[in-house]
2 protein chains.
Amino acid sequence: MRLTTKGRYAVTAMLDLAIHGQQKPVSLNDISGRQGISLSYLEQLFAKLRRNELVCSVRGPGGGYRLARHEQDISVAQVVDAVNESMDATRCLGKGDCQDGDQCLTHHLWQDLSRQIHAFLNDISLNDLVNRQDILDVAKRQDERVQQQDNSTEALIQMTSA
Amino acid sequence: MRLTTKGRYAVTAMLDLAIHGQQKPVSLNDISGRQGISLSYLEQLFAKLRRNELVCSVRGPGGGYRLARHEQDISVAQVVDAVNESMDATRCLGKGDCQDGDQCLTHHLWQDLSRQIHAFLNDISLNDLVNRQDILDVAKRQDERVQQQDNSTEALIQMTSA
DNA sequence: GATAATTCCGACTATTATAGTCAAGTATTT
DNA sequence: AAATACTTGACTATAATAGTCGGAATTATC
């Protein structure tokens, strides 16, 4: 069972896309700035998201990524799956050969847990998340912070060129 | 979020104990044989289980481990916790400082998932598992296999000494 | 048509956790 | 006393995550 930064980053980035990508494509640079994820790592993740047809890309200046489907048609489970983090809690990935060809004593338990987790995450769409107040609050704070950084960068540039 | 072989081994071993430890203590050697877990590794795990007062040990010949409490009072969640596999799906372990001091965009989502998983595993006791038919079936097959191995070992010894 | 913004791609690296192994020692029962 | 079993600590190998780096391809805009 793996649910680590990789899967969390992927969902975070997709959510950022859902929130900021209504008008125009969103560049990975912007996502990196807002979510604190390294650009190079985002590139890796989005390669997988694109291969899984969850996002589509627009190259060139003003380009970036946009969701390939409607927000309500993309579930958290799909995103986590796309970056190869299996939500299977069994050792054998459900095959039942966990103990040299046979089932281990707790195989059924982990199978139940896997189903539970998958059902939970499959039932949550990006649209659900976008509409949650607690998440909107976090997004708002992030935008304000980025705004401040831009301002101070601008001031710095003016100082330097003066 | 970590749920790997370590936690699975711990639960498997505890379940083995619940099944075979009704009469006398069970040695780690027996558990190793039945469950295919290395003895040394079991020693590590049981050191933690003992510190968490889930098992108690009996030394000397005929010794081994037994459950420290009734089967119905030990939950799967407690066992997984005992070997240091946190079932927390957040990056910040629930503290909410996942993105340099602030909450990351998906913090609440992972928090919900963590609660979900913990509730699920906390609600399952060793006693519940022992009474499941599918698990009893696996246990029975294991016992038969070990029996066969013992027989062939015995035969081998007789051949060698002859 | 040059430039700059952007995605795309592959190879490389560091860190960390798991999943062990090994050896020596301590306690307890027969 | 000897065998059995637990206890402890140090060590190691493997694999995955979480990146980094350099460059190439694409396209909008000046």
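Sequence lines set the chain letters: A, B, ... in the order given, protein chains first and strands last, and positions in each chain run from 1.
- Distance NZ (A:Lys48) to P (C:dC8): 15 Å, rounded to an integer number of Å.
- Screening residues 16-26 of chain B for salt bridge (charged side-chain N to carboxylate O under 4.0 Å, His left out), with sequence neighbours left out, gives B:Asp16-B:Arg34.
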Quick one: do B:Ile135 and B:Val130 satisfy side chain to side chain contact (heavy atoms under 4.5 Å, CB included)? Show the steps, please. CA-CA 7 Å; B:Ile135 288 182; B:Val130 166; over 6 Å; no

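- Every residue meeting the side-chain hydrogen bond (donor to acceptor under 3.5 Å, both in side chains) condition with A:Ser125, not counting sequence neighbours, appears here in chain and number order: A:Asp128.
- At least one side-chain heavy atom of B:Ile117 sits under 4.5 Å from a side-chain heavy atom of A:Ile117.
- Contacts between residues 35-47 of chain A and DNA chain D, counted as heavy-atom distances below 4.0 Å, involve A:Ser38, A:Ser40, A:Tyr41, A:Gln44.
- No path of Ile, Leu, Val, Met, Phe, Trp and Tyr side chains, each step under 4.5 Å between heavy atoms, connects B:Ile19 with B:Val58, placing them in separate hydrophobic clusters.
- Between B:Ser27 and D:dT4 there is no side-chain N or O to OP1 or OP2 distance below 4.0 Å.
- Neither B:Val26 nor B:Leu136 shares a network with the other; the hydrophobic side chains, linked directly or stepwise wherever heavy atoms of I, L, V, M, F, W or Y lie under 4.5 Å apart, form separate groups for each.
- Listed by chain and residue number, A:Ser75, A:Ala77, A:His118 satisfy the side-chain contact (heavy atoms from CB on, under 4.5 Å) test with A:Asn122 (two or more places apart in sequence, or in another chain).
- One interatomic measurement links the two molecules: NZ of B:Lys24 to P of D:dA5, which rounds to 10 Å at whole-angstrom precision.
- Evaluation of the side-chain hydrogen bond (donor to acceptor under 3.5 Å, both in side chains) rule for B:Arg115 yields B:Asp112 as partners, not counting sequence neighbours.
- Here the C1' atom of nucleotide C:dT18 and the OH atom of B:Tyr9 are 11 Å apart, to the nearest Å.
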Step by step, work out the side chain to side chain contact (heavy atoms under 4.5 Å, CB included) result for B:His108 and A:Val138. CA-CA 10 Å; B:His108 295 94; A:Val138 176; 4.2 Å; yes

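- Whole-Å rounding puts the A:Leu49 CG to C:dT7 C1' distance at 14 Å.
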Are any protein N/O atoms closer than 3.5 Å to N/O atoms in nucleotides 28-30 of chain D? If there are, list each pair with its distance.
none

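- The shortest distance between the side-chain N/O atoms of A:Arg50 and the OP1/OP2 oxygens of C:dT7 is not below 4.0 Å.
- In this structure, NZ of A:Lys6 is placed 11 Å from C1' of D:dG19, rounded to the nearest angstrom.
- Regarding contacts with the backbone of D:dC6, every side-chain N or O of B:Arg66 stays at 4.0 angstrom or more from both OP1 and OP2.
- Picking from C:dT7, C:dT18, D:dC6 the nucleotide with the shortest atom distance to the side chain of B:Thr4 gives C:dT18.
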